[in-house]
Amino acid sequence: MFKRILIANRGEIALRIIRAARSMGIETVCVYSTADADGPWLEHADESICIGQGPSSDSYLRIDRIISAAEITNAEAIHPGYGFLAENAHFAEVCRDCEMTFIGPSPEAMGRLGDKVSCKKLARAAGTPVFPGSDGAIEEIDEAVEVAQEIGYPVIVKASAGGGGRGMRIARDEQQLIEGIESARQEAASAFGDGTVYIEKFLEAARHFEVQVIGDSHGNAVHLFERDCSSQRRHQKLIEEAPAPGVDPARRDAVAESAAELIRRAEYCGAATVEFLMDRNQDFFMLEVNTRVQVEHPVSELITGVDIVREQIRVAAGQPLSITQSDLSVNGHAIECRINAEDPDRNFMPQAGLIETFSAPGGPGVRLDSHARTGYRIPPNYDSMIGKLIVHGETRDDAIARMRQALDEFQIGPIRTTIPLHRRLMDQREFVEADFDIHYIERLLKKEEQAATTDVAGV
Ligand code: MV4
């Protein structure tokens, strides 16, 4: 096992990785930017090293400086966390060239699953359900028109190198399809340096269902069941839960097993998430694969008892997974609320500045993954997520009750956070009955805004 690892990240995930490493007797080195010099997580690392100025392009994205920091501090491996360099195959390759272990997949496996055309081909072979659509990349417009006629409109044009909603076009007729392919190609070429696009059937309303998987370097892969991440706004998730409410366990198991088979066939070592859309009939269609540990991994940890970051470190060191599929079952229900320093009443405007009050919730079944505390100054340079509140209960109703209580206890000020919005959500009929889809939060916010405007008008 490694003696010492470097963490190429910041905030709550840096702290999460420090905790996993410490539990394994592994020392940690954190790199940080000048904007993070007083980052509370740095106090828990064995060593910290400044790699540049606040903008991430001068620090957390600087491959040369991160590798140098790892060499200087005698780290044997680098954990990239999520975001920044986590899904950068070039970084994984540079690590390998420098004989530094990248705690994540090989650049080849990352490429096979990160490229969506390639991923979809592998998925078809593995028996992972995918949307009907073009067999691979669209070469000629005529080809796309033909496929669209076959599968029927609406269709969606997607960039093979895209992800998280970038480079997509919905087409409801032939003319929109022709225009969509052209503009998606151009956008993808300039944004990702790869103009490859493909098309598939567009599903209007659906739930976002994702399967947590982990593979090792011995050909083993397991799934840790699924999460429902339908509660999102502009591709930013707000709430995630596990398991997905109301899904038939036999169908769930079949999809989850197909996701494990996909990463087995990709010879994938590390943690990954296979994303799906689920329609009203509980039919599943794969969207993409995320080749990193995700923000919402704790809900899967709470229902399975597996420490996902620990498994990531184990498999990167060449050890086999510590669990087999038959060891795993779903225990209870977990919900996570992302606590963002944003003002939900002002279009989610990011809130930088001093936290004067920080009073954390607690009690049975309550977990808080946060780097924030009283006296912490939120820098303006990075993501606004300052923590994740995760609860576990025997049933979904128990988990919701625990989340309500924890949100009531949680006090952060004077900066605005998403806590009050989460508290209202926990009382919404649609959330409580799991009667939602990926557009639910946006519909609710619009409804709330309209109600506020009519109040002011005195109507
Ligand atoms: C889709 C889709 C409907 N049909 N693909 C958005 C992000 C990227 N992961 C894929 N996305 C979508 N792909 C087909 N064939 C709808 C979306 C989508 C979405 C998916 C998951 C979570 C939120 C979403 C919000 C808008 C659109």
Side-chain angles (χ1 to χ4, degrees), residues 82-83 86-87 113-120 123-124 128-138 144 147-148 150-172 176-177 180-181 184 187-188 191-192 196-212 226-242 244 247 255 259 262 272-292 294-296 336 338 348 430-431 434 436-446:
Y82 51 68
E87 295 180 87
L113 295 180
D115 178 278
K116 295 197 281 178
V117 164
S118 147
C119 180
K120 221 174 145 174
R124 279 200 188 91
T128 310
V130 295
F131 278 105
S134 54
D135 266 341
I138 295 289
V147 173
E150 232 173 80
I151 63 179
Y153 289 92
V155 300
I156 184 165
V157 184
K158 293 183 176 182
S160 186
R166 293 172 309 163
M168 305 189 324
R169 296 287 185 282
I170 298 161
R172 298 187 185 278
Q176 287 179 356
L177 176 61
I181 287 174
E187 188 183 319
F192 320 117
T196 308
V197 298
Y198 63 102
I199 68 165
E200 60 190 24
K201 180 79 186 166
F202 176 67
L203 187 57
E204 303 271 1
R207 276 166 59 185
H208 184 170
F209 178 105
E210 59 181 36
V211 179
Q212 175 71 59
E226 81 285 7
R227 301 183 281 259
D228 187 305
C229 306
S230 301
S231 300
Q232 59 89 39
R233 171 186 174 268
R234 301 191 179 173
H235 303 294
Q236 294 294 317
K237 294 167 186 167
L238 283 167
I239 303 175
E240 305 94 352
E241 59 182 297
V247 178
V255 173
L262 171 59
T273 298
V274 185
E275 296 189 347
F276 296 88
L277 284 180
M278 182 187 82
D279 71 12
R280 270 186 274 274
N281 306 321
Q282 298 195 6
D283 283 325
F284 295 87
F285 308 95
M286 189 192 69
L287 289 175
E288 56 197 62
V289 176
N290 298 313
T291 61
R292 60 170 192 277
Q294 288 192 267
V295 171
E296 59 270 30
E336 170 177 283
R338 293 192 189 193
F348 293 81
E430 289 86 348
F431 185 81
F436 51 52
D437 62 36
I438 55 177
H439 306 297
Y440 166 62
I441 297 280
E442 279 156 13
R443 274 198 304 272
L444 176 72
L445 290 170
K446 198 177 266 178

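Read the numbers this way: they start at 1 and go in the same order the structure lists the ligands and their atoms.
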Those residues that, when tested against R207, pass salt bridge (Lys or Arg N to Asp or Glu O under 4.0 Å) (two or more places apart): D228
Could you pull out every N or O of ligand 1 that sits under 3.5 Å from a protein N or O, with the distance for each pair?
| residue | atom | partner | partner atom | Å |
| --- | --- | --- | --- | --- |
| ligand 1 | 4 (N) | L203 | N | 3.0 |
| ligand 1 | 5 (N) | K158 | NZ | 2.9 |
| ligand 1 | 9 (N) | E288 | OE1 | 3.0 |
| ligand 1 | 13 (N) | K158 | NZ | 3.1 |
| ligand 1 | 15 (N) | E200 | OE2 | 3.1 |
| ligand 1 | 15 (N) | K201 | O | 2.7 |

Run the side-chain hydrogen bond (donor to acceptor under 3.5 Å, both in side chains) test against D135 and tell me which residues pass, sequence neighbours left out. none
Option passing side-chain hydrogen bond (donor to acceptor under 3.5 Å, both in side chains) with R227 (candidates E275, Q294, E240): Q294
With a 3.5 Å distance limit and no angle check, can you tell me whether E87 reaches the backbone of N290 through a side-chain donor-acceptor pair? no
Salt bridge (Lys or Arg N to Asp or Glu O under 4.0 Å) filter on R233, not counting sequence neighbours, yields none
Of F276, F284, F285, Y198, the residue whose pairing with F131 passes ring pair (Phe, Tyr, Trp, His ring centres under 6.0 Å): F285
